[in-house]
Amino acid sequence: MEVLELTGPFSVFETTIQAAATRLEREGVRGLVSLQFHARPDSTEVGAVITFADASQVMDHIRMISGWPEFKALLDVVKPVDIRVYGKLGEEATAWLRARNVVSKVFETPVAGFVR
C-alpha cells in the first residue's frame, strides 16, 4: 500500500495513471493481480493498493516499468510519502524499497484471511 503526494495537477495525474494502469493490465508481469489508485481532485494525497500473487515478481515489475514513459510521467506528478508492505518480499525488492526511505511498516507474517 502506498500514499503518494500530488506534485502536479490532478488532471495530469489522472490521465497519467490511467495510461500506466492500462499498459500494466495489458503488459505487466503475471504476478501483478491488482492495481488500484484512490484519489479526490480536491486532495493532494493519493492512495494505491498494489497486489502481487507472487512476491518474487516485484523486482521484475519494477525493472519493467522503470523504463516506461508512463512511469516516468507518473513520477513527474507524484512523490511517494509512505509505503506499507503486507507480506514477505525478497531481499532485492526490500532493499530497493528501503533505499527510497519511505517504507514505514512491514507486516510479513499473515495470521488469517482469504481471497475470493
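Summarising the geometry of Ser66 relative to Phe71, their closest heavy-atom pair is CA-CD2, 3.9 Å, with the distance given to 0.1 Å. Nearest heavy atom pair, residue Leu6 against residue Ser43, reads CD1-O, 3.5 Å. The minimum heavy-atom distance linking Val33 with Ala53 is given by the pair CG1-CB, 3.7 Å. Here the closest heavy-atom approach between residue Trp68 and residue Arg23 is recorded as NE1-NH2, 3.2 Å. Nearest heavy atom pair, residue Pro80 against residue Val102, reads O-CG1, 3.5 Å. Pairing each heavy atom of Ala55 with each of Lys88, the nearest pair is CB-O, 3.3 Å.
Sparse packing is recorded around CD of Glu91, with 12 or fewer heavy atoms of other residues, nucleotides or ligands lying under 6.0 Å away. Heavy atoms of other residues, nucleotides or ligands lying less than 6.0 angstrom from CZ of Arg30 number 12 at most.
Here Glu70 contributes atom CD and Gln18 contributes atom CD; the two are 13.0 Å apart, rounded to the nearest 0.5 Å. We find the CE-NE2 distance between Met1 and His38 to be 8.0 Å, quoted to the nearest 0.5 Å. Rounding to the nearest 0.5 Å gives a distance of 12.0 Å between CZ of Phe13 and OG1 of Thr44. Note that CD of Glu2 and CZ of Phe37 are 6.5 Å apart. Values are rounded to the nearest 0.5 Å. Atom CE of Met59 sits about 10.0 Å away from atom OG1 of Thr94, to the nearest 0.5 Å. For the atom pair CG (Asn101) and CD1 (Ile83), the distance works out to 10.5 Å, reported to the nearest 0.5 Å.
A continuous path of hydrophobic side-chain contacts links Leu75 to Val12 [ILVMFWY only; heavy atoms under 4.5 Å]. Residue Ile65 is grouped with residue Leu89 when hydrophobic side chains (ILVMFWY) are merged at heavy-atom distances under 4.5 angstrom, including chains of intermediate members. If you chain together hydrophobic residues whose side chains sit under 4.5 Å apart, Ile50 and Val3 never meet in one group.
For Gln57 (side chain) and Val29 (main-chain N/O), no donor-acceptor pair under 3.5 Å exists by modelled atom type. Panel note: side chain Thr7, backbone Val77; a donor-acceptor pair is recorded below 3.5 Å.
Tyr86 and Phe107 have parallel rings, their planes meeting at less than 30° on a 0 to 90° scale where 60° marks the start of perpendicular.
In this structure, the side chains of Arg98 and Val106 come closer than 4.5 Å at one or more pairs of heavy atoms. The side-chain heavy atoms of His61 and Leu24, taken from C-beta on, include a pair separated by under 4.5 Å.
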